Undergrad: 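Got a structure for you, written out below as structure tokens; questions coming shortly.
Computed from a predicted structure; not experimentally measured. A note on names: the letters A, B, ... follow the listed sequences, proteins ahead of strands, and every chain is numbered from 1. Because only heavy atoms are used, hydrogens play no part in the values below, and waters and symmetry mates are left out as well, while side chains stay in.
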Amino acid sequence: MPELPEVETVRCGLAPVLEGAVIKKAITRRAGLRFPFPVDFSERLEGNRVIRLRRRSKYILMECADDLVVILHLGMSGRITIYKDGETAEIGKHGHVSLITERGDHVVYTDPRRFGIITFTDTKNAENHSLLKNIGPEPLGNSFNSRVLEAGLTGKKSSVKAALLDQRLVAGLGNIYVCEVLWRAGINPKRTGGSVKSNQTAKLVPIIRDVLSEAIVAGGSTLKDYARVDGELGYFQHRFNVYGREGEPCSGAGCDGSINRIVQSGRSTFFCPKCQR
DNA sequence: CCGCGGGCCTGCGCGC
DNA sequence: TGCGCGCAGGCCCGCG
């Protein structure tokens, strides 16, 4: 499911259930996802206490006592469902992992395509873990600014779309939100990164922040009851301007163009050739 | 070093 | 109804 806003929504939903909770049972129902689960998965988690949930890019970091950090990534199709104490958990065909707390809540990780990741690291080295160490600045944080973005785009021969999808330049953008960002900025996704001028780069920074934070608000506002965390909700409720709208009229003010779909490095790009130059 | 394409998986919707 | 195809929100890796 997930780009940064969906992951943040999942983190928010999960936090009240897991933070401060002691894990009573940690269950894996297969050997792994994209990578094998740690062999001591249950041993290290059972009896351990979750201190807090953090997000880094599209990863959720579950910081526990006993110098344990669980790294969780939802891949393409991963989702989390929470069953409160007394409810019956539905595991289903793809419910690969469960955490059951001493409060009786049951968290199920479901992932049909199994591109997700659940692994361990230790508190001190979490940011240097191989999965995290090359990730660029958080787009909603202070270290992301026009200077950083301009430095990242300068000289880039690949498309500006590919550049923004590169997690080393800025964290958390995926296919949907890159399309939306470029539409809002009026930048044609086929242009090379290096051809984007500095005044447009400066515009991109607040647009990236706005698109992501609006999506987080939209996702969060649909979760009246955080007992059902599901990043899909954000997508269902959020109205995209270009993503998935091939052939539809462009919603840009005064624009009479329509949305095109092209393929860039094997992935769909949606854009309006009239207002994105 | 950079940029691209392949691969990992299952499920869904479409045209025939 | 069934079958094959293309498509899907991510990311690592190997190649040129």
Undergrad: Rounding to the closest angstrom, what is the interatomic distance between B/dC9 and C/dC3 at atom P?
TA: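 It comes out at 24 Å once rounded to the nearest Å.
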Undergrad: To the nearest Å, how far apart are A/Tyr109 OH and B/dC9 P?
TA: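 Rounding to the nearest Å, OH of A/Tyr109 and P of B/dC9 are 14 Å apart.
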Undergrad: Hey, is the side chain of A/His94 poking within less than 4.0 Å of OP1 or OP2 on B/dG11, counting only N and O atoms?
TA: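 Yes.
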Undergrad: Examine B/dT10: is either OP1 or OP2 under 4.0 Å from a nitrogen or oxygen in the side chain of A/Lys93? Give yes or no.
TA: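 False: A/Lys93 side-chain N/O out of range (4.0 Å or more) of B/dT10 OP1/OP2.
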Undergrad: Is any side-chain N or O of A/Arg267 under 3.5 Å from a base N or O of C/dA8, one able to act as donor and the other as acceptor?
TA: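 No, the side chain and the base share no sub-3.5 Å donor-acceptor pair.
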Undergrad: Between B/dC9, C/dC7, C/dG10, which nucleotide gets closest to the side-chain atoms of A/Ser268?
TA: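 For A/Ser268, the side-chain atoms sit closest to C/dC7.
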Undergrad: Which dot-bracket string describes DNA chain B (Watson-Crick N1-N3 plus N6-O4 or O6-N4, or G-U N1-O2 and O6-N3, all under 3.5 Å; [ ] crossing; | other strand)?
TA: .|||||||.|||||||
Undergrad: Please name the pair of heavy atoms, one in A/Ile91 and one in A/Ser98, separated by the smallest distance, quoted to 0.1 Å.
TA: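 Shortest heavy-atom contact: CD1-OG, 3.9 Å.
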Undergrad: To the nearest Å, give me how far apart CG (A/Asn134) and C1' (B/dC1) are.
TA: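 For the pair A/Asn134 CG and B/dC1 C1', the rounded distance is 13 Å.
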Undergrad: For the residue pair A/Thr110 and A/Arg79, confirm or rule out a side-chain donor-acceptor distance under 3.5 Å.
TA: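 No donor-acceptor contact under 3.5 Å links the two side chains.
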Undergrad: If you measure from CG on A/Asn241 to SG on A/Cys250, what distance do you get to the nearest 0.5 Å?
TA: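 A/Asn241 CG to A/Cys250 SG: 7.5 Å, rounded to 0.5 Å.
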Undergrad: Rounded to whole angstrom units, what separation is found between the CD1 atom of A/Ile118 and the P atom of C/dG10?
TA: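 My rounded result for the distance is 18 Å.
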Undergrad: B/dG11, B/dC2, C/dG10: which one has an atom nearest the side-chain heavy atoms of A/Pro112?
TA: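 Closest of the options to the side chain of A/Pro112: B/dG11.
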Undergrad: Going by an N to O cut-off under 4.0 Å, is there a salt bridge joining A/Glu138 and A/Arg56?
TA: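 Result for this pair is yes, salt bridge flagged.
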Undergrad: Could you check whether A/Thr269 and A/Lys161, counting side-chain N and O atoms only, form a donor-acceptor pair closer than 3.5 Å?
TA: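 A donor-acceptor contact under 3.5 Å links the two side chains.
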Undergrad: Specify the separation, in whole Å, of atom NE2 of A/His73 and atom C1' of C/dG10.
TA: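 Going from NE2 in A/His73 over to C1' in C/dG10 covers 6 Å.
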Undergrad: What's the CG-C1' distance between A/Leu74 and C/dA8, to the nearest Å?
TA: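 Answer to the nearest Å: 16 Å.
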Undergrad: Using the six-membered ring for Trp and the full ring for Phe, Tyr or His, decide whether A/Phe115 stacks on the six-membered base ring of B/dC9 (centres under 5.5 Å, planes under 30°).
TA: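 The base of B/dC9 is not stacked with A/Phe115 (the test needs centres under 5.5 Å and planes under 30°).
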Undergrad: OP1 or OP2 of B/dG3 sitting under 4.0 Å from any side-chain N/O of A/Ser158?
TA: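 Answer yes for this pair, as a side-chain N or O of A/Ser158 is under 4.0 Å from OP1 or OP2.
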Undergrad: If you pin A/Tyr243 and A/Arg34 to their nearest nucleotides in DNA chain C, which one's is more 5'?
TA: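 Mapping each residue to its closest nucleotide by heavy atoms, the 5'-most match is A/Tyr243.
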Undergrad: Send over the distance from A/Glu6 CD to C/dG10 P, rounded to a whole Å.
TA: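 So the two atoms are 9 Å apart, to the nearest Å.
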Undergrad: Examine the base of B/dC9 for any acceptor or donor lying under 3.5 Å from a partner atom in the side chain of A/Arg114, and report the outcome as yes or no.
TA: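 Per atom types, no contact qualifies.
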Undergrad: With a cut-off of less than 4.0 Å, is there a side-chain N or O of A/Lys157 near OP1 or OP2 of B/dC2?
TA: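 No, A/Lys157 has no side-chain N/O under 4.0 Å of OP1/OP2 on B/dC2.
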Undergrad: Answer with yes or no whether the side chains of A/Ser195 and A/Arg191 bring together a donor and an acceptor at under 3.5 Å.
TA: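 Yes - a donor-acceptor pair under 3.5 Å links their side chains.
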Undergrad: Between A/Asn125 and A/Asn128, do the side chains contain a donor N or O and an acceptor N or O under 3.5 Å apart?
TA: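 No - no donor-acceptor pair under 3.5 Å links their side chains.
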Undergrad: Could you give the CD-to-C1' distance, from A/Gln264 to C/dC7, as a whole number of Å?
TA: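 Going from A/Gln264 (CD) to C/dC7 (C1'), I get 17 Å.
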Undergrad: Remember a base hit wins even if backbone is also touched, and classify A/Gly174 as base, sugar-phosphate or nothing at under 4.0 Å, heavy atoms.
TA: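 Result for A/Gly174 = sugar-phosphate.
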Undergrad: Would you check if the side chain of A/Asp111 reaches a backbone N or O of A/Gly116 as a donor-acceptor pair within less than 3.5 Å?
TA: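 Yes, the answer is positive, given that a donor and an acceptor are paired below the 3.5 Å cut-off.
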Undergrad: Between A/Ile71 (CD1) and C/dC11 (C1'), how many Å, whole number?
TA: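 Atom-to-atom, A/Ile71 to C/dC11, this comes out as 14 Å.
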